[in-house]
**Student:** 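Got a structure here, written out as structure tokens. Questions coming.
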Amino acid sequence: MAKKSVLVIGGGIAGIQSSLDLANMGFQVYLVEKTPSIGGRMSQLDKTFPTNDCSMCILAPKMIEASRHPNIRLLTYSEVEEVAGDSGKFKVKIRKKARFVDEEKCTGCGTCMQKCPYKTDSEFEAGLAKRKAAYIPFPQAVPNVATIDPDICIYIKSEGKKCGACMKFCDAGAIDFSQQDRIIEVEVGSIILATGFDLFDPSVLEEYGYGKIKNVITAMQYERMISASGPTGGQLQRPSDGKTPKKLAFIQCVGSRDTHYKLYCSSVCCMHATKEAILANEHYPDLEAFIFYTDMRAVGKRFQEYIARAEQQYKVTYIRSRPSKVTEDQDTGNPILWYEETTSRTRTSMEVDMVVLCQAMIPSGSIKDISCMMHLSLNDYQFVHIPDRLFHPVDTEIPGLFACGFCQAPQDIPDSVVQASAAAARAAEFVSKDE
Amino acid sequence: MITPRIGVFVCNCGTNIGGTVDVPQVVEYAKNLPYVAHAESNLYTCSEEGISSIKHGIKEYDLNRVVVASCTPRTHQPLFRNACADAGLNPYLFEFVNIREHCSWIHRQNPGEATEKAKELVKMGVAKARWLDAQEEFKSEVYPTAMIIGGGVAGMSAALNLANQGFEVHLVEKEPELGGRLLKLNRIFPINQDPSELVGNIVKSVEGHSKIRLHMPAVVKSASGYIGNFDISVDEGGKEVSFKVGVIIVATGAQVLKPELYRYGELANVLTQLDLEQRLKDGELEEFKNVVMINCVGARIPERPYCSRVCCMTAIKNAALMKEINPQAKVYVLYRDLMTYGVEFEEYYREVKEAGVRFIRYTPSNLPQVMGAERVESVRIYDELMDMELELPCDLLVLATPLIANDDNEELSKMLKVPIGDGGFFLEAHIKLRPVEFPMDGIYVSGSCRWPADIRESIAQGYAAASEAVIPLRQGLVKVEAITATVDPKICKGCGTCVLVCPFDAIELKESEIRGLEGKIVSEVNTALCKGCGLCAAACPNGAIQQRGFTDTQLISMVNALSGKR
């Protein structure tokens, strides 16, 4: 009898965990990821709270394990296009987008990236750096092969009349502009959704000046900046003049817990801001950080102790306030926060060197397409609807379809890993019903 | 012995290592060490590119030993060992040198000296690699049955999942009925329903399942063995019952703190949230007009610094219920931070506020004060938003107290040889990425015995533990660590020191059956139980015990390399 199969959609930490569990149980797993590499959001983070473990260091072994597991077929740069059939016998069409690079031949040497003359903002570096049209999103990418972005590649746009540098210099002969999208059809007994999150665009909160005031950045940009493998090599540099900030402010609940935008709490921002403030002080012992918060939601294992350490050892000050606006000092480029400190009812302002906006996290856009395709309900905020959240926390309304991680509710890494394993257990139970 | 041909791979780890340690210098240095046939640097040795260069190197340079100088064996050793195995080299002919934690991170301020230290560590690694031996991994059969300790929602969910996948489950519950802490609750958040019917459905499925064997009321008396092969004995209503299982899931839950604060136990109208639920359930709550609830009672204080995660929602749920029972009542919740994380909790909180429940924030420096002689009559609180001292009339004071670890966690931890961490809760293998596994193979953890968790989190963890536990059950065979201790029976004097120090009960004194030594009392290591901790090898007064992968020859060669001796 052929091995029973499960499809996992999304190659972040949740999707990887579900895939590894199921593959180790002996099931055939198809892991579909829309970007060129698995790894997801966790691969962009510098360290993780509350242990300050290096994120990539603990994630990379899982990524590699997923890629070399005999029971996992990785389909990166691929998207689910159609799901038909009944529960337990889902017939799935997956579009494997043309990479214009032969995955078998590419050695990941990076020559094409060096030679390619066309650039765009790097998604992985949250726009803090550029990437080429021919690119590997980050050094530990899995699979470690190049992808050519057809939106900016001049060879593709000029229909072969211009450039072609990558092809000339690729010693492996891996560049293949004749490559076409392929449709892969698989039949699976169960599907797990793990499509993760996107980041809320904070520029709609005009009062905070994101996009206008140079030294106001997002938390994800900050993660890349403080990361040793990021564009600044782990140096904090203000966008306006490259100077090292001495005074940092974090604004919490930007777009979250806000009646104008997202009513919900994004669940992880209190802790990631605390971590980011600790890391700043570790890099620069003179640096002071101020976290403007609403409620300090530190509910996980060792989280309260982490907050206490931030205050006592790392010069982090917590201010219970939601700033009303941020303005810019024209001469210095310093952002100025205007706020009322609720615990002392003083209206005041604070000039800092850089502001980090801890923006809301929203379900990844791809969940909308999938929900349309599968007639799956989403809740008001586009999270996957879980009909019996208490007693069946990973079961969707479609039998055999499970959802884990951020696509169904805001949560941190360990909770996502728990749900990912839970979804794997439920999928295994579902497909072994008729054994 | 075949001449060693050692390959050295030095990792830059992006800039984690390369930003401090002069990696090219380390590579050049390694090239000139004895028996080194090849040395190179990698941007990330753990990346796909790095792994393929190890495999390529083994073939190209005919390497029979591999040294990687990078980060920590805790996360990366399996990966590099597997890379060796993929290229046809016994994975135990691999040696790990940590130049990130031990050099670049800790000596960031002194790059020159960090580089020198990296060179010396590599030299020691190479010296040891020369003496490495191939090891065979022990494979052991898995008895296709699970034991789950705890019949709350986490344990029952795990049991049903495993049973529905076709595996026998022994479910051990110390109380005379299934359901755990949930049975004591009046309503559950955020759906505000009576839990008995909902839990009843799960209990029925568990009780009616042909693959689930219930032991109730019962406690585990002893557990010995290793993954795939545990011998269990339980005391089931005074009767001893023994059975064998392949995996164990711990889901024993937690208890609610009874506080010695706010005159609890002294004044009749001071209750904990749990007491309140009990009175509501039993229909014994007296009439009330003014309710005050205080959160974080006995939590987030120096002696108990953690947040118990579920109490804010418990208070909000019961505050709403008080308003529902008596819409005229004034209900105040005094809180420090309101932990209504996520979507539903935040929504619920907003609805309850709109229903008229008042929330007032307090700080540890301005604690609420209970006023009254026989009964609570009012609660004084400083409201910082209004900068005013308020006196709230109160005929019912309800305290939200944290979940605390069960008293028998310690006993269970000793029996199963699994660790306990902060606050007496069980400690998982990795706080981020292995939340439901213990460091001990074949034993898993879920629910509030690991950390306070609400119903959905406990159930998700129950399923997650089942997911990890079913892997060995489905595989049928498990690999056991090859780095174990061996006894040389000729040297062993049978003193038994090793038996005393072994934390895993892996060593026994036995009459030797080896020819020439018949009848001599010597110690013998059960390799399936041995975890390779090395205590016995260090403790043996006669030098009769060697630890595979850490033999005297290997370790002395490292020391000699460091001291310049050959």
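Sequence lines set the chain letters: A, B, ... in the order given, protein chains first and strands last, and positions in each chain run from 1.
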**Student:** With under 30° as parallel and over 60° as perpendicular, where do the rings of Phe345(B) and Tyr341(B) fit, or are they tilted in between?
**Tutor:** perpendicular

**Student:** Name the region of Asp422(B), side chain, backbone, both or neither, that has any atom closer than 4.5 Å to a heavy atom of chain A.
**Tutor:** side chain

**Student:** Most heavy-atom pairs under 4.5 angstrom with chain A, which of Leu473(B), Val470(B), Asn161(B)?
**Tutor:** Asn161(B)

**Student:** Could you label the plane-to-plane angle of the Phe124(A) and Phe138(A) rings as parallel, tilted or perpendicular, counting under 30° as parallel and over 60° as perpendicular?
**Tutor:** parallel

**Student:** Any chance the rings of Trp451(B) and Phe426(B) have centres within less than 6.0 Å?
**Tutor:** no

**Student:** Relative to the ring of Phe197(A), is the ring of Phe406(A) parallel (under 30°), tilted (30 to 60°) or perpendicular (over 60°)?
**Tutor:** tilted

**Student:** Heavy-atom distances under 4.5 Å only: say whether Glu346(B) touches chain A with side chain, backbone, both or neither.
**Tutor:** side chain

**Student:** Go through Cys270(A), Pro61(A), Ala308(A), Pro410(A) and name the one with the most non-hydrogen pairs under 4.5 angstrom from chain B.
**Tutor:** Pro61(A)

**Student:** When you check the side-chain N and O atoms of Tyr293(A) and Asp337(B), is any donor under 3.5 Å from an acceptor?
**Tutor:** no

**Student:** Using a 4.5 angstrom heavy-atom cutoff, name the option from Arg361(B), His430(B), Glu49(B), Glu347(B) with the most pairs to chain A.
**Tutor:** Arg361(B)

**Student:** How many angstroms lie between SG in Cys11(B) and NE2 in His76(B), if you round to the nearest 0.5 Å?
**Tutor:** 8.0 Å

**Student:** Could you tell me whether the side chains of Gln461(B) and Tyr444(B) share a donor-acceptor contact shorter than 3.5 Å?
**Tutor:** no

**Student:** Would you say the side chains of Asp46(A) and Ser55(A) form a donor-acceptor pair under 3.5 Å?
**Tutor:** no

**Student:** Can you tell which of Thr48(A), Thr51(A), Val142(A), Val394(A) has the highest number of heavy-atom pairs within less than 4.5 Å of chain B?
**Tutor:** Thr48(A)

**Student:** For Asn201(B), is it the side chain, the backbone, both, or neither that has a heavy atom closer than 4.5 Å to a heavy atom of chain A?
**Tutor:** neither

**Student:** Name the option with the most non-hydrogen atom pairs under 4.5 Å to chain B; the candidates are Met42(A), Gln17(A), Lys62(A), Arg68(A).
**Tutor:** Arg68(A)

**Student:** Mind ranking Phe391(A), Phe49(A), Tyr381(A), Tyr264(A) by heavy-atom pairs under 4.5 Å with chain B and telling me who comes out on top?
**Tutor:** Phe391(A)

**Student:** Between Gln304(A), Arg297(A), Lys262(A), Arg302(A), which shows the greatest number of heavy-atom pairs under 4.5 Å with chain B?
**Tutor:** Arg297(A)

**Student:** Relative to chain A, which segment of Cys46(B) carries a heavy atom at a distance below 4.5 Å: side chain, backbone, both, or neither?
**Tutor:** both

**Student:** Out of Gly166(B), Gly50(B), Cys307(B), which one racks up the most heavy-atom pairs below 4.5 Å with chain A?
**Tutor:** Cys307(B)

**Student:** Would you please name every residue forming a salt bridge (charged side-chain N to carboxylate O under 4.0 Å, His left out) with Glu428(B), sequence neighbours left out?
**Tutor:** Lys301(A), Arg450(B)

**Student:** Find the one option among Leu43(B), Thr340(B), Val153(B), Leu79(B) whose heavy-atom pairs under 4.5 Å with chain A are most numerous.
**Tutor:** Thr340(B)

**Student:** Chain A heavy atoms under 4.5 Å from Ile202(B): which part of the residue, side chain, backbone, both or neither?
**Tutor:** side chain

**Student:** Let's test your reading of the structure: which of Arg309(B), Arg456(B), Lys432(B) forms the most heavy-atom pairs below 4.5 Å with chain A?
**Tutor:** Lys432(B)

**Student:** For chain A, which candidate among Arg350(B), Glu457(B), Met386(B) shows the most heavy-atom pairs at distances under 4.5 Å?
**Tutor:** Arg350(B)

**Student:** Please enumerate all residues that pass salt bridge (charged side-chain N to carboxylate O under 4.0 Å, His left out) together with Arg108(B), with sequence neighbours excluded.
**Tutor:** none

**Student:** List the steps and the verdict of ring-ring contact (aromatic ring centres under 6.0 Å, His included) for Phe189(B) and Tyr348(B).
**Tutor:** CA-CA 9 Å; Phe189(B) 62 77; Tyr348(B) 195 72; 7.5 Å; no

**Student:** Let's test your reading of the structure: which of Val417(A), Asp21(A), Ile413(A) forms the most heavy-atom pairs below 4.5 Å with chain B?
**Tutor:** Asp21(A)

